[in-house]
Amino acid sequence: MTKNVERAADPKLTRRAFVGAAAATAAVAGLAGCAPAAEPADKAAEDEGLAFTGEDEFADCTLVYGCCSPECQHHLLKGYVRDGKLVKVESGEVNESPACARGFARVELCNSDKRLTKPLKLKGEKGSGDFEEISWDEAYDLIEEKLRYALDNGGSQSIIVQGGSGNFSSLTSAMGTLGSWLGGTTAITGNFCCAGIDSGLGTVLGSRTTPLRNELEKANYIIAWGNNPVVTMTGYFGRFQKMMENGGTLCTIDPFLSETADKSQEWIQPWPGTDSAVALAMLKVVIDEGLTDEEYLIAHTTAPCLIDKKTNAPAFTDPADDTTYQVYDPASKKLVAHDAAGVTPPLSVADTDIADQYVTIYDLIKAEADKWGKEAVEAESGCSYDDIARIARDYATAEKAIIIQNMGGYQRTENGAYATATQVYLALFCGHVGHEGDGLYDAGGSSALVPSGQAFESNPDAAQYEAIPFPHFGEFVLEDKPTKINFMWVDCGNPVAQMPNTNMWKKALEHIPFVVKVDQFMNSTCLWSDLVLPNTALFETPNITHSARSAVIQISEAGVTPPGEAKTDLEITAEVAKRFGFEQYFNEDPSVYITRVLEGSGVTYDELVEKKGVNAWDLVPGWIAYKDGNFDTSTGKAHLWVQAWVDEGFPPIACHQRPVEHPLNADSELAKKYPLAAVQRKTRHQVHTIFNNLESMLSMDGHKPLIVLHPDDAAARSIAMGDDITVFNDRGEHSGVALVSENVKPGVVVLQNGWDDTTASPTSNVTNNAWPTLGTIHCCNSTLVEVKKGA
Amino acid sequence: MAQGFFVNSANCYGCKTCQVGCANEKLLAPGVFMRRVRQVEKAGGHAFVSMACNHCDEPACMANCPVGAYQKMDNGLVVQDHSKCIGCKTCIEACPFHAPVYDEATSTTYKCDGCANRQARGEMPVCTVVCPSANLTLAETDTLPEGTSVKDQSDTKPNLTVLLDEDIDASLFADIDGAAGLIDTGVEEA
């Protein structure tokens, strides 16, 4: 750490001239007070004025750097420490954008008297909040006893170690690695946040990390599809604004007028869960109006590749080798390898002499798009076709265009994977991937740009067991499927409040004999655990972040005194590991593990210690995601026909499948009982449930959840602005305050994600836990509810 | 000399970083904010109103403080000697914008001083530094960008110029905490 007085001058502070730059002295205050006179009114006049000398009030502080690394932008923060206490936070010198309000609220987070300070053992029933403080020795003894019981009664398979997205830094994941040394544990699988990306984009493009933020200002047209960059990319939304100042267009697709939609020139409001129909309708416009970039599509995708009508599978020359796609050579009228030199295959073989036997992947996609003409898409999405067609044309004809999918709520629907994939199709058909100023998704950080290593050595012989799909975690655990779970460890997350169908998660945790939760604050998951362990926070924990959110590789230093007996996750894991003979994997100095994470990155430990953050963009000049249309698939082309979808029992071409839980299914009993579609939004005052318990955030944005509903829906239920209301369905209920606004589509209710049992009630109480879905997806935005007055 | 704030409300997207960043710099207790941003909800649009002290030409806080805690400096900033504050809240009532903020924990009142001490060492006021969209400026009033002045909104002659969001008019800047109808903290109907 550094003494503040020794730091180098920050050049950004002098970028503007200031009128008050010279030391200023107050003029004598000559006006007398007339209200309650506690002292002589002219006392001020007798005193000397205040003098502002410019002396740094924080000169005595020690500086401590750390990465704010929940599921957002991962800014490097600079903390000012006085007597072991964090007193102030600033944005660190090396960042891609300025830090946000949540980062500044870390002063309260560190110093909060609500921090956990001692191990807590459950005394009463789970959920009761009846805990007793115990010593760390007692806690470790208990953990050892319960782990040994699990190993002796069901084996390591009966253990779950569940992480989360509360901390993307590397040294907090130690317990998961210890699970491998215990023999391998049962995993919980699925896609939570960017839920549709793995299945809908990763399969097509061969990978899923596409940081685009440096391209935003160069674009002419950007679609924010079902997301709200103002909140999820707060620090660099200014780049979207710059794009607009440059003459570009921002289009938001969202049933709710989000902050981003408000700043956009275009906004359409499809029904939740119909984005795939909208994307296919846009694709139809592109195809029908001759806006397809055929050259790009032929060169960089499998669009012209042949599907055998007999097998409904690609006509591979070697079925075991998915690089052996074939295309039709119109010159020789023969099938040739997709990458045969000198061949320009047609996108369609409908008019060729092989039409009886083969169809191209392009033909199949066009057939899906053809289903979504004017009448069909208007009925399904509730949007005007003219709007959809205009957006399609403007996107297609823009010189440089981007689709932002990152954190898109549209993904968290039953059809989220295909909703993502149809947008990928759209981008590829328009040739808008792999160049300056274009692309799609926009996520990824330093680990997408330069290599990274593993902090901890894991057991290569660990067994792999059947995993539990997270939407049906409760159902699986209660039925002891695939095995009886005896022990569960949860860190870096608050699954009880965030996972779908909260009440089933609570029942599952009640069913598991021993649940350990590591956290800094009491929350829903702690309440349903048997043992709660206090861990250290940012600025109290040595760590490294070389991850998938910020391009800046960052060190986290421990310069603040942790409250009470809080320990780092690594210290906790090391002690548990010691009791099972695996301490050698966890008992090195943190610097050893930090160095391992840097392996291959080109950055040394000493360099990181000195600079605190290294911007990986500087290490890869000119880097562009999928540059020039070179994808990370086996063929190097984008794979538009996806075997992985077939393997999961879904069609190989992305299509629109209306969610089962949807208001348009008006004949369903569920829609009759619960006619409103609930969607959940991220807000400026939280990242999942983090920060949402701090008074800084609650005072800023309200102590109760806001629930937005349309005036028509409110009137039908006699609900007025500001009323206490409750959203409910068969799974549970969530209460808050009514914000009656025309800025939401009629029939849609907007909930704020991030509340839990200690602050209000989780929105996940009502969340749809549909499974199976393609990609095992979090379906919070395919949720039907009713709303009533009263809390 | 007069310093005043310029707020580009048309570009403000409501992240409230200025609000929390200010409290952080000034070491205020959680929930005590000298700069406040509130959301205004209107059919077809949102807007955000970011306000702090307007460093009036004729500050009512200074005129009415019974202990003379307020002073107007020669560079135009209206500052408070916090050591003198007795927490009577007279300044909050007297200020037409109700800009000073009362801290229950210390039973005293705080008010934006334009980061006078930061300025004295050549640094920008913290709210202007932390805004990711560079929507806030504090400078000599005659150097501020074009906008709607609220100078005539009060007898105190406030120094605030606003580039208005299309969904609001300058009357939304008449009170830092907004009009009646505020839902809890933060949202208000236009």
Side-chain angles (χ1 to χ4, degrees), chain A residues 13-14 16 18-21 23-27 29 31 33-39 41 43-45 49-50 52-54 56-57 87-89 97-98 100-101 104-105 107-108 230 234-235 237-238 241 257 259 262-263 684 694-696 699-704 706 721-722 737 739 741-742, chain B residues 1 3 11 13-17 19-21 23-25 27 30-31 33 41 43-46 62-75 77 79 81 84 86 88 90 93-94 114 116-117 119-124 129-134 139-140 181 183-187 189:
Chain A
L13 299 174
T14 55
R16 289 187 197 174
F18 267 88
V19 285
T25 307
L31 296 171
C34 58
E39 294 185 45
K43 184 175 185 303
L50 282 175
F52 293 94
T53 62
D56 186 351
E57 309 92 314
V87 294
K88 187 178 87 152
V89 164
S97 63
C100 74
F104 292 123
V107 175
E108 182 189 354
V230 160
T234 306
F237 186 73
Q241 294 180 309
L257 185 81
E259 292 90 341
D262 183 60
K263 295 295 183 214
R684 60 184 157 249
L694 302 178
E695 193 54 34
S696 302
S699 296
M700 181 176 88
D701 275 344
H703 288 76
K704 291 181 179 177
L706 276 182
M721 189 84 160
V737 179
L739 172 57
S741 170
E742 292 185 27
Chain B
M1 292 176 75
Q3 284 195 49
N11 264 1
Y13 48 85
C15 67
K16 303 196 180 185
T17 307
Q19 176 168 339
V20 184
N24 168 72
E25 175 74 17
L27 311 186
F33 299 112
E41 207 44 35
H46 311 292
M62 188 168 87
N64 289 281
C65 176
V67 294
Y70 288 97
Q71 301 164 350
K72 190 162 179 66
M73 301 203 302
D74 53 11
N75 63 4
L77 294 176
V79 300
D81 183 346
K84 292 181 178 172
I86 58 170
C88 67
T90 305
E93 292 306 314
N117 203 49
Q119 288 201 38
R121 59 175 180 263
E123 294 181 1
M124 296 161 68
V129 172
V130 299
C131 175
S133 185
E140 273 294 308
I183 294 181
D184 196 356
T185 312
V187 184
E189 289 175 274

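Letters A, B, ... are given to chains in the order of the sequence lines, protein chains preceding strands, and every chain is numbered from 1.
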Original post:
Which residue out of A:R684, A:M721, A:E259, A:E742 racks up the most heavy-atom pairs below 4.5 Å with chain B?
Top reply: A:R684
**OP:** Work out which heavy atom in B:G31 is nearest to a heavy atom in A:S699; give both atom names and the distance.
**Re:** CA-OG, 3.4 Å
Subject >> Donor-acceptor contact below 3.5 Å, side chain B:K16 vs main chain A:M700 >> reply: yes
Original post:
Between the main-chain N or O of A:L50 and the side-chain N or O of B:Q71, is there a donor-acceptor pair closer than 3.5 Å?
Top reply: yes
**OP:** Could you tell me whether the side chain of A:Q241 and the main chain of B:N11 form a donor-acceptor pair under 3.5 Å?
**Re:** yes
Subject >> Contact leader toward chain B among A:V737, A:V107, A:D701, where contacts are heavy-atom pairs under 4.5 Å >> reply: A:D701
Original post:
Can you list the steps and then say if A:F52 with B:L77 is a side-chain contact (heavy atoms from CB on, under 4.5 Å)?
Top reply: CA-CA 11 Å; A:F52 293 94; B:L77 294 176; over 6 Å; no
Subject >> Structural part of A:S97 lying under 4.5 Å from a heavy atom of chain B >> reply: neither
Original post:
Does B:Y13 use its side chain to pair, donor to acceptor, with the backbone of A:D262 at less than 3.5 Å?
Top reply: no
Original post:
If you look at every heavy atom in A:T53 and B:A120, which pair is closest and at what distance?
Top reply: C-CB, 4.0 Å
Original post:
Of all heavy-atom pairs between B:R121 and A:D56, which one has the smallest distance, and what is that distance?
Top reply: NH1-CA, 3.5 Å
**OP:** Locate the shortest heavy-atom distance separating A:A101 from B:C15; write the atom from each residue and the value.
**Re:** CB-O, 4.0 Å
Subject >> Contact class of A:K263 relative to chain B, heavy atoms under 4.5 angstrom >> reply: side chain
**OP:** Check B:V130 against A:P98 and note the closest heavy-atom contact, atom names and distance.
**Re:** O-CB, 4.1 Å
**OP:** Identify which of A:L706, A:L694, A:V87, A:V89 forms the greatest number of heavy-atom pairs closer than 4.5 Å to chain B.
**Re:** A:V89
Original post:
chain A heavy atoms under 4.5 Å from B:V187: which part of the residue, side chain, backbone, both or neither?
Top reply: side chain
Original post:
What residue in B:E93, B:Q19, B:E41 has the most heavy-atom pairs under 4.5 Å with chain A?
Top reply: B:E41
